[in-house]
Amino acid sequence: MATLRGSGSSRTRGAPRSCSGNILTRIWQSQITGRAMSRGTQIPEVLLQERGGRARWHGIPVLLRRLYEHSQPNGDLVQAHVVLKLLVEILMRPTLTTEKKPQMSDDLIKDCLSVLYNCCICSEGVTKSLASRSDFVLFLFTLMTNKKTFLQTATLIEDILGVKKEMINLEAIPNLAGLVQSFDQQQLANFCRILSVTISEPDLGHDDKHTLLAKNAQQRRNGSPSQAEVNQVTILNIPGFIERLCRLATRKVSEATGASDFLQELEDWYTWLDNALVLDALMQMATAEAEHSSAESSDESVLAASPLRQRLPQSMKVVHEIMYKVEVLYVLCVLLMGRQRNQVHRMLAEFRLIPGLNNLFDKLIWRKFTSSNHVLHGQNQNCDCSPEISFKIQFLRLLQSFSDHHENKYLLLNVQELNELSAISLKANIPEVEALVNTDRSLACDGKKGLLTRLLTVMKKEPPDSSFRFWQARAVESFLRGATSYADQVFLLKRGLLEHILFCIIDSGCKSRDVLQSYFDLLGELMKFNIDAFQRFNKYVNTEEKFQTFLTQINSSLVDSNMLVRCIVLSLDRFESQTDDMRVMEMLSECLLLSYLARVENRLSFLFRLINIINVQTLTQENVSCLNTSLVILMVARRRGELPSYLRALREKEYTERYPGCLLNNFHQLLRFWQRHYLNKDKDSTCLENSSCIPFSYWKETVSVLLNLDRASPCAIASYIDPAYMELDQELMDD
C-alpha cells in the first residue's frame, strides 16, 4: 500500500480510531447540557439576574437561558449567534481586560464550554466561526491548566482544530512547555488527540489529489518546512515530553478480574463505549460522586462504594488505558516519520520504548482474545474499529515506522537473537552488518523472545483474510527493507516465514488484495539475492499446479505483485553472474520461478503491462513502484547490451495492438516525471539504490539515455516512435 511501496515513506493522516466513540461523546454531553439548560428555563429571568449579581455569575445563566430559547425549532438563530459571541467574550474576559482579573466559577466555565461544543456539533458554521478566531483558539489552551475544565476544553479544541483551515502554530500557545509539563499522565494522553491534528500533514482531499504530480506541486507551493514540521520541532523541544510518552505507552495495567470475565466484559463494553474522553468523563463523575458523599474522608473505600463506580466494570480501566496508548503511539509514529527522525529514534531507544512494548505484548497488546475479521483493510481510517483493534493496528504501524531504513531496528530482538544474527554471519563467512555491531544491547528487548519474534508467532495464527495480516506483514517487511542483509533474511527463514507466506498466497484461499500485496512485498524482501530462500521456495512450490496458482496470483494484479517481480529479476541477474558456484547453477536449472523469468518473452510481457497500467496523471505513492520495476528490467537489459531489442519489442507490441506510439510516448512522459520526482529527493534516491543494489548514478544515466532525443541513438525511446506519432515535445503537465 501507499505506506511503503514508493521509494519513500508516506502516511495517511489519522490513527485508526472508532467512529462510534465520538458520536457517544456528543450524545452524552448534549444530553447532560440539554437537561441542565432545560431546567434553567424554568427559573424566572429576574431571579437569575438577582442571584447572578450576588454570586458573580457574570450574566451567564441568563445568556444560557436565551440561547436555549432561540435555538429551539422556529427560534431566532441570529439572536442565538449573538448570544454565542457574548459567551465567547465572557469566557475570554480575563484576557481582554487590564483591570483586576475577574473570577468565574469552574462550573460556569464548564457550562459555557459545553454549550459552545454542543452548538458546534449542531452547526458546522459555529465551529468554523470559532476556528476563525485565532485569539479564542489560543485562549482555550490556557483553560487546560485547570483540571476541572480540562475535558470540556480538550473536546472543544479538538473539534475546532478539525475544521480550522490553517494549521495552528504551537509556538503561539502561551507557555506551551509549562502547560504540557503541568499535565498529569491522563491529561497528557488526551492532549495527544489535539497534537495529532497539529503535527500531521493535512489530507489532500479527493483521490485525484493523492497523485504524485499533485503532491509535488503542493510541496512546491507550501515551501519547506511545513507548519506540521515546525510544530513537531516545537513539541520535541519540550523537556521530558518524549520520555513521558514512552512511560505512557509502556506502563502496565492492573487486572483485578479473572481472565475470562475480563475478556467478556471488554467485549460487552467496547461495543458501545470506546472513546477515551467519554471514559474520562465517567471516571470523573464517579470520583466527584464519591467526593460529594464524603468530602472529609480520604478512604478509598468510599470511592469504591460509589454507585456509579459500581456500575463501571474493572475492565473499563483497561479500555481506558488502551485508548490512551492509541493516541500516544500515533503521535510517536508521526514523529518517527518526520524530519527529526534520528533525534526521535535516539530518545525512544534511550527511554526503552521497544523493550517496554515487548513486556506488554502478551498481556495487553496481543492477548488471545480478539475479533478482527470484520475490520476493513489498508488505509481506511474511518472503519468502525474497537479500541483493542485500533490499538493493535497503531502498534504495528509504530513498529513499521521504527524499523524502516533505520539501524535501531535491531532493538526489536533480544540479546540471544542478536547473537544468533552474529552466528549466521560467521557461519556464512560474511562480515556482520555495521548496524548490528553498533547496537547497544542494553537497550534491546528482555525475556525469552524479542518483539519481532513475538510478532511472527501471532502472524502465523491469524485467519487468512484478517486485516492484521496486512499490518503485520508491513511491520516485518520494514525490518528487511534497506540494504539487503543475508543474516536478517536467514533469521526469518529459520522461523518458517517463507513457508507461511507461500501458504497464504497459494493454499489459504486468501482473497484480500491488501493482504496479498503485503505478502508479495514481504516475500520479495525475504528472497532477494538469497539462494537459501529460492531453495525453500522450490521445495514448497514443488508441482506445476502450485506454480501456476502462484503465477495466477502474481498476474492478477501487477500493482500488487510488481515488487516481487523486481526482486526475482534482480536476483536472477546476480545469480547468473555467479556461474562458478555449483549451488547457484543447480538452483538456476531447477527453480521454476527463476526459469520462468529467465525467458526474455516473459520479462517483456511484464514490461509491457507495467508501462501500460500507469501514466503521469495516475501515478501515486502506491503504483510508482511499477515504473521503477520497469526501469529495473531495462537497466538489467542495458547492462547486457540488450536494451535496443527491448525497445524494438515495445514498438512491435504497439503495432500489434494497433496503437502505434501509445506505449512509448507514455513511457517517455513517465521517465520525464521520474527525473523531476527523484533527482531532488535524496531519501527516495537512497531507498532505490539500497533496495536494488544498483548505484543511483546508473538509474539516472539509464533514464537520460532513454530520454535522449537523438533519433540516431539505438537506446533512445525517440528512435522507435514514428514521426507521425511523436508527442515528445508536449509539456508534461501544467502544475
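Only this structure's heavy atoms are used, side chains among them; waters, hydrogens and symmetry mates stay out.
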Counting distance only, does the side-chain N/O of [X] pair as donor-acceptor with the main-chain N or O of [Y] below 3.5 Å?
| X | Y | answer |
| --- | --- | --- |
| Asn414 | Glu417 | yes |
| Glu689 | Pro695 | no |
| Asn359 | Pro355 | yes |
| Glu525 | Leu522 | no |
| Asn231 | Thr198 | yes |
| Arg566 | Leu631 | no |
| Arg495 | Phe491 | yes |
| Gln553 | Ile505 | yes |
| Lys409 | Phe479 | yes |
| Ser561 | Leu564 | no |

Shortest non-hydrogen contact from [X] to [Y]?
| X | Y | result |
| --- | --- | --- |
| Ile614 | Leu627 | CD1-N, 3.6 Å |
| Ser625 | Met563 | CB-SD, 3.7 Å |
| Leu353 | Ala249 | CD1-CB, 3.8 Å |
| Ser422 | Glu432 | OG-OE1, 2.7 Å |
| Gln232 | Gly338 | OE1-CA, 3.5 Å |
| Met459 | Ala473 | CE-CA, 3.9 Å |

Evaluate the criterion salt bridge (Lys or Arg N to Asp or Glu O under 4.0 Å) for residue pair Arg603 and Glu642; output intermediate values, then yes/no.
CA-CA 12 Å; Arg603 270 191 267 192; Glu642 300 171 354; 5.8 Å; no
Does any pair with a residue in residues 560-591 pass ring-ring contact (aromatic ring centres under 6.0 Å, His included), and if so which ones, sequence neighbours excluded?
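Of all non-adjacent pairs touching residues 560-591, those that pass ring-ring contact (aromatic ring centres under 6.0 Å, His included) are Phe534-Phe575.
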Which label fits Tyr596 and Phe547: parallel for a plane angle under 30°, tilted from 30 to 60°, or perpendicular past 60°?
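Geometry flag for Phe547 against Tyr596: perpendicular rings.
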Return the orientation label for the Trp674 and Tyr678 ring planes: parallel under 30°, perpendicular over 60°, tilted otherwise.
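Trp674 vs Tyr678 ring planes: tilted.
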Checking [Y] against [X]: is there a side-chain donor and acceptor pair closer than 3.5 Å?
| X | Y | value |
| --- | --- | --- |
| Asn438 | Tyr410 | no |
| Ser478 | Gln400 | no |
| Asn358 | Arg454 | yes |

Derivation and outcome, side chain to side chain contact (heavy atoms under 4.5 Å, CB included), residues Trp699 and Ser692
CA-CA 10 Å; Trp699 286 78; Ser692 64; 3.3 Å; yes
Indicate yes or no: at least one non-hydrogen side-chain atom of Val569 is less than 4.5 angstrom from one of Leu572.
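When only atoms from C-beta onward are counted, Leu572 and Val569 do not touch, as no gap falls below 4.5 Å.
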So, applying side chain to side chain contact (heavy atoms under 4.5 Å, CB included) with Leu399, which one of Leu329, Leu452, Ile354 is it?
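Option passing the side chain to side chain contact (heavy atoms under 4.5 Å, CB included) with Leu399: Ile354.
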Qualifying residues under salt bridge (charged side-chain N to carboxylate O under 4.0 Å, His left out), relative to Arg574, sequence neighbours excluded
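Checked Arg574 against salt bridge (charged side-chain N to carboxylate O under 4.0 Å, His left out); zero matches.
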Residue pair Glu622, Arg513: steps toward the salt bridge (Lys or Arg N to Asp or Glu O under 4.0 Å) verdict:
CA-CA 13 Å; Glu622 179 178 346; Arg513 294 314 312 174; over 6 Å; no
Test: Arg536 cationic atom under 6.0 Å from Tyr540 six-membered ring centre, within 45° of axis:
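Judged by the rule (NZ or CZ under 6.0 Å from the ring centre, within 45° of its axis), Arg536 is not positioned above Tyr540.
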Under 4.0 Å between a side-chain nitrogen and a carboxylate oxygen: does that hold for [X] and [Y]?
| X | Y | answer |
| --- | --- | --- |
| Arg474 | Asp521 | yes |
| Lys494 | Asp532 | no |
| Lys392 | Glu462 | no |

Might you work through the side chain to side chain contact (heavy atoms under 4.5 Å, CB included) test for Leu398 and Leu357, ending with a clear yes or no?
CA-CA 11 Å; Leu398 178 77; Leu357 292 175; 3.6 Å; yes
Phe550 and Phe537: aromatic ring centres closer than 6.0 Å?
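Yes.
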